[in-house]
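Convention: sequence-line order gives letters A, B, ...; per-chain numbering from 1.
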2 protein chains.
Amino acid sequence: MGADEKGYFTEGNSVEVVTGRNAGAKDERLKEVMDVITRKLHEAVKELEPTQEEWMQAILFLTRTGQMCNEWRQEFILLSDVLGVSMLVDAINNRKPSGASESTVLGPFHVADAPELPMGANICLDSKGEDMVIEGRILDTEGKPIANAVIDVWQANDEGFYDVQQKGIQPDFNLRGIFRTGPNGHYWFRAVKPKYYPIPDDGPVGQLLGHLGRHPYRPAHLHYIISADGFETLTTHIFDPDDPYIHSDAVFGVKKSLLAKFNRVNDPGRAKRYEFAGDFWEVAHNFVLARSRT
Amino acid sequence: MGADEKGYFTEGNSVEVVTGRNAGAKDERLKEVMDVITRKLHEAVKELEPTQEEWMQAILFLTRTGQMCNEWRQEFILLSDVLGVSMLVDAINNRKPSGASESTVLGPFHVADAPELPMGANICLDSKGEDMVIEGRILDTEGKPIANAVIDVWQANDEGFYDVQQKGIQPDFNLRGIFRTGPNGHYWFRAVKPKYYPIPDDGPVGQLLGHLGRHPYRPAHLHYIISADGFETLTTHIFDPDDPYIHSDAVFGVKKSLLAKFNRVNDPGRAKRYEFAGDFWEVAHNFVLARSRT
Ligand SMILES: [Cu+2]
Ligand SMILES: [Fe+3]
Ligand SMILES: [Fe+3]
């Protein structure tokens, strides 16, 4: 019997026989990954006892998912998202010390080269939607302000679309901006109230959601990447707790600590200072960064 | 809080939150399948704690696998094969009563419309390779012969290629045939000794095998589908136990009961009767069919 195997495959020894073949792997981590994936796959098959037809349906689903992918569309990331895998990987890689702001998924709509703007700028470039002002502080876990923190923010518009989804309709870099804090750690900018939106649901993942009786919507949110020297970079959102989908985010991105009250304000004096035409929305939210673990 | 969820996602409750969303699924089996797959996926992620980069590598591997598929190539079936999943599904769906011949995977090279041939015909149409004669009986589990059993056989040639892989090089239907037993359940036909061959290894699955230190070869075999009224159809192989890869079939298809001794014969009288030029190979193997479960 060859040294590279433990005998012939049977239903009982299936995991040992298959993972036994990985003994010669040069990359220890790859071996570990394939050992665990093989074991969990075999456990799933043994629990489900799929028919040959069900197995073929799974093969064809994965094939369609791969073939839906192109330069603009990553259907396997969507699949990972709707199965909670993306959030789980995010959680595992971003365990924060007590008091630090929590992370959530990056999402597909970040753009690397958004413009740096002066504090207070309006990131809404097309005057569409309901005016909103967002402000708060960037703090360390002792509550001290962080100067020179870089806040990269992006959001969907009042119809639930990002600029990159509506090239030629929205101005380039609409509802995106980069801000830098001063010594008091304070930030503020103007924008419009975002709206919930569906993840792309015209592919195999959208069909799966439909068959499972699930909707494809993400509750209204703003995305942030906040970085500062000596601190861990924070990738997160803030969410509108009054959104109809706040308890059923299609990608499971909502955390209690990321809810930020969106308050409706009737104050003609403040509206005039912000150059808003009338009533507006106001969101106050502080972010707390964890110190880098050297 | 919506009735369709159990609270916000955390590392601890990830399975319950994600599977809780499937509560509205109309298809109970789909719900069960997705519940188990979600649970096993989350277990794997929690055990492995992948980095974001490793997660992205997995996404891109699955994407490449889907994009390798076309009319002629099914890379996700290959992946299922090399992870032992195909054999496991086969085993679960073909648990046989004691004494019945065991099944193994169908493989991708079966052709539906092979010609029916008279018993004893030579399925080798191009005189390439070492002559071989195969014979035996089709029996029930009491050892009684089965008349009118249909034997669909196909095999690779002496270089490890099926006819469909070498259109224009091998004659159509080379090394394929359908035979029907008479009252004594006996079958025999002439062929050539098959050779081991690699599964297609120029794609992502072949690369994975390489990284795992695994070879892509299947030991030499003949494929069979054997059917008869009142019996379960048997999809199986017989293997050459002296093949260099017999203990390390890339797709785990070998079972002890499927080994069939390939004997070298020097017998000019028999060779002449078979119209063979000299020494030949002989394989004797009976197949036992299980009665249909109503
Ligand atoms: Cu051995
Ligand atoms: Fe978003
Ligand atoms: Fe084969």
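Among all heavy-atom pairs drawn from B:Leu83 and A:His42, the shortest one is O-NE2, 2.7 Å. Of all heavy-atom pairs spanning A:Arg21 and B:Arg214, the tightest one is O-CG, 3.3 Å. In terms of heavy-atom proximity, A:Met34 sits nearest to B:Leu208 at CE-CD2, 3.9 Å. The two residues B:Pro50 and A:Asn93 have their closest heavy-atom pair at O-ND2, 2.9 Å. For the residue pair A:Gly84 and B:Val18, the shortest heavy atom distance occurs at CA-CG2, 3.9 Å. Of all heavy-atom pairs between A:Lys40 and B:Ala44, the closest is CG-CB, 3.8 Å.
Counting heavy-atom pairs under 4.5 Å between each of A:Lys46, A:Lys255, A:Arg95 and chain B puts A:Arg95 at the top. Annotation: maximal heavy-atom pairing with chain A below 4.5 Å, among B:Gly253, B:Gly210, B:Ala25, occurs at B:Ala25. Taking A:Asp249, A:Asp27, A:Thr65 one by one and counting their heavy-atom pairs under 4.5 Å with chain B, the maximum is reached by A:Asp249. Contact count versus chain B (heavy atoms, under 4.5 Å) is highest, among A:Glu102, A:Lys26, A:Glu32, A:Glu54, for A:Glu54.
With rounding to the nearest 0.5 angstrom, the OG1 atom of A:Thr38 is 11.0 Å from the CG atom of B:Leu88. B:Met87 CE to A:Thr10 OG1: the interatomic distance, rounded to the nearest 0.5 Å, is 9.5 Å. A distance of 12.0 Å separates CH2 in A:Trp55 from CZ in B:Phe76, rounded to the nearest 0.5 Å. The structure places CG of B:Leu41 at 8.0 Å from CG of A:Leu79, a figure rounded to the nearest 0.5 Å. Summarising the geometry, atom CG belonging to A:Leu209 is positioned 9.5 Å from atom CG belonging to B:Asn22; distances are rounded to the nearest 0.5 Å. One finds the CG atom of A:Leu212 at 9.0 Å from the NZ atom of B:Lys31 (value rounded to the nearest 0.5 Å).
Relative orientation of the B:Phe252 and A:Phe9 rings is tilted, given thresholds of 30° and 60° on the angle between their planes. Ring planes of B:Tyr8 and A:His247: parallel class, angle under 30° (limits at 30 and 60°).
Proximity to chain A is limited to the side chain of B:Gln74, based on heavy atoms less than 4.5 angstrom apart. Residue contact with chain B, scored on non-hydrogen atoms closer than 4.5 Å, is absent for A:Asp35. Only the side chain of A:Leu259 comes within less than 4.5 Å of a heavy atom in chain B; its backbone stays farther off. Contact annotation for A:Glu47: only side-chain heavy atoms (C-beta onward) come within less than 4.5 Å of a heavy atom of chain B. Contacts between A:Met56 and chain B at a heavy-atom distance below 4.5 Å involve the side chain alone, from C-beta outward. When heavy atoms are compared at a cutoff of 4.5 Å, A:Val15 does not approach chain B at all. At a 4.5 Å heavy-atom cutoff, the contact between A:Arg29 and chain B is made by side-chain atoms alone. Heavy atoms closer than 4.5 Å to chain B are found in both the backbone and the side chain of A:Thr51. Interface residue A:Lys256: backbone and side-chain heavy atoms are both found under 4.5 Å from chain B.
Without hydrogens or angle criteria, A:Gln67 side chain to B:Gln67 main chain gives no donor-acceptor distance under 3.5 Å.
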### Task
Applying side chain to side chain contact (heavy atoms under 4.5 Å, CB included), run through A:Leu106 and B:Gln52 and close with a yes or a no.
CA-CA 11 Å; A:Leu106 174 65; B:Gln52 295 280 2; over 6 Å; no

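Classification of A:Arg39 and B:Glu43 as a salt-bridged pair fails, no side-chain N sitting under 4.0 Å from a carboxylate O.
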